[in-house]
Amino acid sequence: MTRGGMESVEVFTTEGKGRGLKAQKEFLPGDVIFAEPAYAAVVFDSLTHVVCHTCFKRQEKLHRCGQCKFAYYCDRTCQRDAWLNHKNECSAIKKHGKAPTENIRLAARILWRIEREGSGLSENCLVSIDDLQNHVENFDEEEKKDLRIDVESFLEFWPAQSQQFGMQYISHIFGVINCNAFTLSDQRGLQAVGVGIFPNLCQANHDCWPNCTVIFNNGNHEAVRSMFHTQMRIELRALSKISPGDELTVSYVDFLNVSEERQKQLKKQYYFDCTCEHCKKKIKDDLMLAVKEGDKKPSAETVKEVIQFSKDTLEKINKARLEGTYHEVVKLCRECLKKQEPVLGDTNIYLLRILSIASEVLSYLQMFEEAAEYAKRMVDGYLKIYHPNNAQLGMAVMRAGVTHWHAGLIEAGHSMICKAYAILLITHGPSHPITKDLEVMRVQTEMELRMFQQNEFMYYKMREAALKNQKIQVMPEPSNEAPPSLFHKKE
């Protein structure tokens with residue numbers, strides 16, 4: 001597996017899409033094309049006390065900065081590593097009396113770094129902060145109003161003794177954050193915990209069916225010798241074989257939407273019209289809008305009614321999830337599935353969304369058999385729609401495998417865990433915490449499967465005894481958030 005540096009890629013000007021990145025050598029699936037540390041990064045406002053401000057890992061016990069009482073760290077190593085970026089922030093927070101919002105903190109960190117190093121090309125950067133797109137000219141009235149508020153708040157926070165920047169340049173920085181900020185996730189990759197700027201990654205253009213994926217790696221400093229420590233970084237990883245000269249693309253949005261919806265989302269959030277092959281030819285749209293075939297093919301009117309019912313139900317489900325009434329969520333899902341099943345095809349995205357929610361919530365409620373049935377149908381649909389090496393597909397197959405395992409369906413559970421492991425080896429790599437967790441599960445389920453094949457009766461007896469003696473591992477509480485998306489957009 002190769003680990004490319006910045007010499008493995010080059011910036012070029014693409015037709016109609018501005019700058020882009022292309023490969024300088026061949027890459028195979030799973031290769032790291034480049035790794036890039038954050039130019040600047042901050043923890044979300046709501047999580048500042050539960051996530052380390054250096055490596056972005058969620059921890060039970062964190063050390064608080066004794067000066068500003070705002071920043072938290074895993075340990076002295078993380079605190080020491082943070083000092084260069086936290087020093088100015090620390091005294092500004094003390095002087096201001098409180099920490100400003102994440103957007104202001106990120107802009108301030110960027111500008112303090114520019115004050116230290118200048119705004120030209122920093123080491124290993126293909127482009128400077130000055131050259132990043134800000135799209136301020138494309139902002140609508142609401143966005144312009146938010147920008148003015150951000151600039152005013154920033155000027156209140158920015159210390160008088162720091163280098164002073166003009167309004168236009170500060171607006172440029174906020175514009176860069178608005179359309180280039182990357183979502184940082186916790187060490188399990190399941191929750192978005194912060195936001196950062198990675199100038200090289202910003203050069204990769206979008207494609208709905210990309211040849212690369214971006215994974216956030218929190219780094220590791222558990223080794224005794226610091227020479228083996230690794231820093232927090234993003235990794236651009238190849239999903240398929242890439243030849244020298246090929247453009248490197250990533251997907252800014254989840255593929256599980258029809259092309260028209262993806263195009264709307266991309267236009268609204270990133271200000272461009274997607275003309276990728278999958279959007280132009282509406283590839284897979286037929287699968288995502290599939291209806292039941294055969295003698296009893298439903299009428300267009302019936303399909304329209306069921307899709308509207310599905311949309312209304314999804315809104316009710318979101319409300320119930322926010323209130324934590326999970327039995328109500330299950331009831332809504334069952335009612336919706338009853339309406340969908342005679343009408344919608346197995347790969348219809350409205351059916352798949354309900355199956356995904358139902359399996360996740362039922363697992364949390366420890367109703368594993370019903371959850372496994374829905375998870376299986378969801379995975380079968382996803383496998384027909386997603387790129388075979390899609391990270392979200394890998395995570396969904398992993399969750400489905402764990403659900404089957406908990407339900408005592410060891411053969412299907414082990415098979416799904418192996419499938420997920422193969423995907424995550426490519427998308428996340430062997431040293432990522434999620435892949436390591438999956439490897440442990442793979443070994444455990446393989447052992448249990450052998451026992452099951454040798455003596456089914458004994459396997460169930462031992463499983464029953466084990467469950468009596470120890471409380472079954474509770475699945476994490478269902479999240480109301482979608483999985484972390486690639487780029488962070490301010491709501």
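Position 1 is the first residue of the sequence, and the numbers go up from there. Bear in mind that the values here come from a model prediction, so they are computed numbers and not experimental data.
By the 6.0 Å contact criterion, CG on Asp346 is open, its count of non-hydrogen atoms from other residues, nucleotides or ligands being 12 or less. In the displayed structure, Lys292 atom NZ is contacted under 6.0 Å by more than 12 heavy atoms of other residues, nucleotides or ligands. Surrounding CD of Gln444 are more than 12 heavy atoms belonging to other residues, nucleotides or ligands, all under 6.0 Å away. Enclosure of atom NZ in Lys284 by more than 12 non-hydrogen atoms of other residues, nucleotides or ligands within 6.0 angstrom is indicated. Other residues, nucleotides and ligands place more than 12 heavy atoms under 6.0 Å from the CD atom of Glu335.
The pair Glu315-Lys319 does not count as a salt bridge, with every side-chain nitrogen at least 4.0 angstrom from each carboxylate oxygen. No salt bridge links Lys384 with Asp380; every basic N to acidic carboxylate O contact stays at or beyond 4.0 Å. Under a 4.0 Å N-O distance rule, the pair Lys264/Glu261 qualifies as a salt bridge.
Taking the side chain as every heavy atom from C-beta outward, Glu235 and Arg233 approach each other to under 4.5 Å. Side-chain contact between Thr54 and Cys74: absent, with no pair of heavy atoms (C-beta onward) separated by less than 4.5 Å. Between Ser8 and Phe27, some side-chain heavy-atom pair lies under the 4.5 Å cut-off. At least one side-chain heavy atom of Leu47 sits less than 4.5 Å from a side-chain heavy atom of Gln191. Here the side chains of Leu355 and Leu337 are in contact, with some heavy-atom distance below 4.5 Å. Side-chain contact check for Ile385 versus Met288: some heavy-atom pair is nearer than 4.5 Å. Residues Val291 and Thr302 fail the side-chain proximity criterion, which asks for heavy atoms closer than 4.5 Å. Side-chain contact between Pro298 and Pro342: absent, with no pair of heavy atoms (C-beta onward) separated by less than 4.5 Å.
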Next item on the list: Dump the intermediate steps for salt bridge (charged side-chain N to carboxylate O under 4.0 Å, His left out) on Arg442 and Glu439, then the final yes or no.
Entry: CA-CA 5 Å; Arg442 194 177 68 82; Glu439 167 66 352; 2.9 Å; yes
Next item on the list: Take Tyr374 and Glu370 through the side chain to side chain donor-acceptor pair (under 3.5 Å) test and state the conclusion after the steps.
Entry: CA-CA 7 Å; Tyr374 295 147; Glu370 190 182 353; 3.0 Å; yes
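Of the inter-residue distances, the one linking Leu344 atom CG with Leu352 atom CG reads 9.5 Å to the nearest 0.5 angstrom.
With hydrogens and angles left out, the side-chain atoms of Thr427 and Thr213 include no donor and acceptor closer than 3.5 Å. Side-chain contact of Glu448 with Trp405: a donor-acceptor pair under 3.5 Å is present, judged by distance alone. For the 3.5 Å distance criterion, the side chains of Asn205 and Glu247 qualify, holding a donor opposite an acceptor. If you check the side chains of Tyr460 and Glu456, you find no donor sitting under 3.5 Å from an acceptor. Of the N and O atoms on the side chains of Arg450 and Gln453, not one donor lies less than 3.5 Å from an acceptor on the other residue.
Ring planes of Tyr252 and Phe272: perpendicular class, angle over 60° (limits at 30 and 60°). Ring geometry, His406 versus Phe368: the interplanar angle falls from 30° to 60°, so the pair is classed tilted. Between Phe198 and Phe216, the two ring planes are perpendicular [angle over 60°; tilted spans 30° to 60°]. Between His278 and Phe255, the two ring planes are perpendicular [angle over 60°; tilted spans 30° to 60°].
When all heavy atoms are compared, the tightest approach of Arg262 to Asp254 is CD-O, 3.8 Å.
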